[in-house]
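Since the structure is predicted, the reported quantities are computational estimates derived from the model, not experimental observations. Labels below follow one simple rule: chain letters A, B, ... track the order of the sequence lines, proteins then strands, and each chain is numbered from 1.
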There are 2 protein chains.
Amino acid sequence: MTDTAPRPTLEAVAARAGVSRATVSRVVNGGDGVRDILVERVRKAVEELGYVPNQAARSLVTRRHDAIAVVVAEPETRVFADPFFALQLRGISKELTAHDNQLVLLLTEGRDDHARVGRYLAGGHVDGALVFSLHLDDPLPELIQRAGVPTVFGGRPGWSGDRRDVVYVDSDNRGGARDAVRHLAGLGRTRIAHITGALDQTSAVDRLDGYRDVMADADPRLIAEADFTPAGGERAMRELLGRCPDVDAVFAANDLTASGALRVLREAGRRVPDDVAVVGFDDMLPLAEQTDPPLTTVRQDIEEMGRLMARLLLRGLDRGTPREGAGDTRSGVVLPTTLVRRASA
Amino acid sequence: MTDTAPRPTLEAVAARAGVSRATVSRVVNGGDGVRDILVERVRKAVEELGYVPNQAARSLVTRRHDAIAVVVAEPETRVFADPFFALQLRGISKELTAHDNQLVLLLTEGRDDHARVGRYLAGGHVDGALVFSLHLDDPLPELIQRAGVPTVFGGRPGWSGDRRDVVYVDSDNRGGARDAVRHLAGLGRTRIAHITGALDQTSAVDRLDGYRDVMADADPRLIAEADFTPAGGERAMRELLGRCPDVDAVFAANDLTASGALRVLREAGRRVPDDVAVVGFDDMLPLAEQTDPPLTTVRQDIEEMGRLMARLLLRGLDRGTPREGAGDTRSGVVLPTTLVRRASA
DNA sequence: GCAGGTGGTGAGAGCGCTCTCGCGCCCGCG
DNA sequence: CGCGGGCGCGAGAGCGCTCTCACCACCTGC
């Protein structure tokens, strides 16, 4: 672990190029209004000295940081057990990188961390925040909103209904759910059950709503509540089999849940899809491809969600490519989903 | 997206508390050498004004940033397809948070990004870096080392043999592999095969070495090369069955590979574990629990690896709890693994 | 009772950058 | 040939903080 050598300053570059600090600064920041001869000379000096601007000094005066916080509130390990989070992060990273912004990651667990995150964001260390608010009762979004930091949410926050200034990006959970259920209906299934996700999350609520859109007059006993986990899926599937032995299809709120349901179905001697067809949600790989049978599911473009979140935020900050998809700063952007047919339905 | 209000400065707090800037600064940074009466007065003023120090201004003079870069070089999506990365990140995040450091995430893909990362690190925006170098020929580690930023590597870098100043944290891949193979041997298996990982990664090489430690005089045809993917596992397993039909056990380089192997074995009508016992590596959940049969595998404490990396780096920077596990700044730290017995072996 | 600490405080000089301003130069026009 | 107006550049004032240093009590010891 070596110490970093003393880095050359603007002053040094200026001296070497035989110009003033101001001119070097202009060149470094685009070089408008400087004669080509000088631009060239300064560039050369920068090169030779290996000059890199001191971001701290720059931020001090510009009050920008070219840094965005990504806040992932996840008391449970769920987010970590699937690639969802990582993919979104990657989309975000790509977009931020393309616009020369840094990504400051804040992972929170438990209430204690909320204050810390609030303080950090209020502290003006970053220009904006991307926040994943997964739970309806999560105080974090409110807290962040209050910190006065420009924010884009990943997933519809629970309270967005009453606030038109909330910007978020979400998948079309409801539409995707409708597609899944319609697909099952199209297969001739009539006793289509739904295993819900954790209903304190908007995604679970929206998927349930989608199910209801299609199955308006369905037997309410065909709905079993679970929590997005395989174990929850198993439990719910057992319930379902006990309650409605004639069930011939299941739409599970996500692939993990579906995998649990599949296992119970197999144990119960029900053939999939012959006896019971199963559809999941997420298209979580490799899981969805490797269940037995491979899972028909609803795919969402997670990486694109991340990218879009970043783009929206940057645009709100007057960064990013101007007018690209002009005026698209609607408060909520919903990305389409697609049904991926495999063997389970 | 509201604009942030003008924040109070040290000066403002000083005025309100009736002291000098210097005194406020002292209080904000611990309050040593200031009378309790004044400390109290300053604290009150800070509270009332909602003062938060301007990190940019502070960094400008202290030359510290209390920020650590986490560099994840991953051209392939592999890292994103499993929770490995996320868990490690979480461990890192916990440790950094505990010491009030920020986590700047740099994801790279492809050669172009290397220069960008190098520039960023050399730019002195962060105090140190945690780098995941997964490939033997990755130029990134060298590049980073040259940038003169204190660095801890995740996973043994390929070239660490010749450089004693390289600090890294790794799992005991070799020892874990030995345990796995010994376990299979203990089951009375004699034709134990190994499906390797991508051999341009040290973890794959080390696991292969562990296999060889136990199976010194094994039939070389029992070794099939794969790449950590399920598809690779399938391919290798087919090869193996063709080459050595009498194979009675398989140690796969990771769980993904093992899952592919399991599928091929099932198709081939071999019962697991009766005909062929299978052991994986990683204990990747939920996959490992949900294969058919559930996978016996080698677990590594991934979160702890992350935490340890952060701790080592912070300690190297003279931060972190002093003397905690004194003098433990060895160049390489290897974490133990444990065999998790499930049904497949 | 005075030299020599000692512990608490404030004044002030930067850290490296941006940005406003004004000055000089050269152009075009009258 | 003189004068107004750009345009290109440099001087200098900060941004908000830390940290050294000098200063001013007050306290100890001879």
Side-chain angles (χ1 to χ4, degrees), chain A residues 3-43 45-46 49-67 100 122-127 319, chain B residues 3-43 45-46 49-67 100 122-127 319:
Chain A
D3 266 340
T4 87
R7 296 200 289 134
T9 120
L10 250 204
E11 192 77 51
V13 178
R16 179 162 196 120
V19 296
S20 73
R21 266 186 356 258
T23 296
V24 178
S25 177
R26 279 186 272 258
V27 171
V28 169
N29 294 291
D32 302 328
V34 180
R35 279 175 308 159
D36 293 354
I37 313 94
L38 286 193
V39 171
E40 209 40 56
R41 224 155 73 199
V42 171
R43 289 252 161 81
V46 165
L49 264 45
Y51 169 76
V52 184
N54 180 320
Q55 187 58 44
R58 178 180 282 176
S59 292
L60 183 54
V61 28
T62 58
R63 274 115 205 297
R64 350 191 324 186
H65 301 85
D66 293 315
D100 264 311
H125 302 287
V126 292
D127 303 329
R319 312 244 238 289
Chain B
D3 264 341
T4 88
R7 296 199 290 136
T9 116
L10 249 205
E11 192 77 51
V13 178
R16 180 162 194 118
V19 296
S20 72
R21 266 188 356 257
T23 297
V24 178
S25 177
R26 277 187 274 258
V27 171
V28 168
N29 293 292
D32 302 329
V34 181
R35 276 175 309 156
D36 293 354
I37 313 95
L38 286 192
V39 171
E40 210 38 59
R41 223 155 75 200
V42 170
R43 290 253 161 83
V46 165
L49 265 44
Y51 169 77
V52 184
N54 180 318
Q55 188 58 43
R58 181 179 280 176
S59 292
L60 184 53
V61 30
T62 60
R63 275 119 204 297
R64 328 188 351 174
H65 302 84
D66 293 315
D100 265 312
H125 302 288
V126 291
D127 302 329
R319 312 242 237 290

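- With hydrogens and angles ignored, no donor-acceptor pair closer than 3.5 Å exists between the side chain of A:R7 and the base of C:dG16.
- Residue A:S20 places at least one side-chain N or O closer than 4.0 Å to OP1 or OP2 of D:dG10.
- Both A:G18 and B:R21 lie close to DNA chain D; mapped to their nearest nucleotides by heavy-atom distance, the more 5′-ward contact belongs to A:G18.
- Distance check: B:Q55 CD to B:H65 NE2 gives 8.5 Å after rounding to the nearest 0.5 Å.
- Contact annotation: B:N29 side-chain N/O to D:dT18 OP1/OP2 distance is under 4.0 Å.
- To the nearest angstrom, C1' of D:dG14 lies 9 Å from CG of A:L60.
- A distance-only check finds no donor-acceptor pair linking the side chain of A:D127 to the backbone of A:R64 [under 3.5 Å].
- A:D36 has its CG atom 15 Å from the C1' atom of D:dC9, to the nearest Å.
- Look at OH on A:Y51: it is 10 Å from P on C:dG16, rounded to the nearest Å.
- Contact between the side-chain N/O atoms of A:T9 and the OP1/OP2 oxygens of C:dC17 is found at a separation under 4.0 Å.
- Applying the 4.0 Å criterion to OP1 and OP2 of C:dG8, one finds that B:R35 has every side-chain N and O outside that range.
- C:dG8 atom C1' lies 13 Å from atom CZ of B:R41, rounded to whole Å.
- When each of D:dG16, D:dC17, C:dC17 is scored by its nearest atom to the side-chain atoms of A:A57, the top-ranked nucleotide is C:dC17.
- Contact annotation: B:S25 side-chain N/O to D:dC17 OP1/OP2 distance is not under 4.0 Å.
- Remark: the backbone N or O of A:R21 is not paired with any side-chain donor or acceptor of A:S25 at under 3.5 angstrom.
- The NE2 atom of B:H125 sits 10.0 Å away from atom CG of A:D66, with the distance rounded to the nearest 0.5 Å.
- B:T23 is listed as a side-chain neighbour of B:V34, based on a closest heavy-atom distance under 4.5 Å.
- Atoms CD (A:E11) and C1' (D:dG12) sit 12 Å apart, rounded to a whole Å.
- As rounded to whole Å, 13 Å separates atom C1' of D:dG8 from atom CG of A:D32.
- The side chain of A:T23 places an N or O atom within less than 4.0 Å of a non-bridging phosphate oxygen (OP1 or OP2) of D:dG10.
- Going from atom CZ of B:R26 over to atom P of C:dG10 covers 8 Å, rounded to whole Å.
- For A:L10, the side-chain atoms get nearest to C:dC17 when compared with the rest of D:dC19, C:dG16, C:dC17.
- Atoms CG (B:L38) and C1' (C:dG7) sit 13 Å apart, rounded to a whole Å.
- Backbone-only contact: B:R63 has heavy atoms under 4.0 Å from sugar-phosphate atoms and none from a base.
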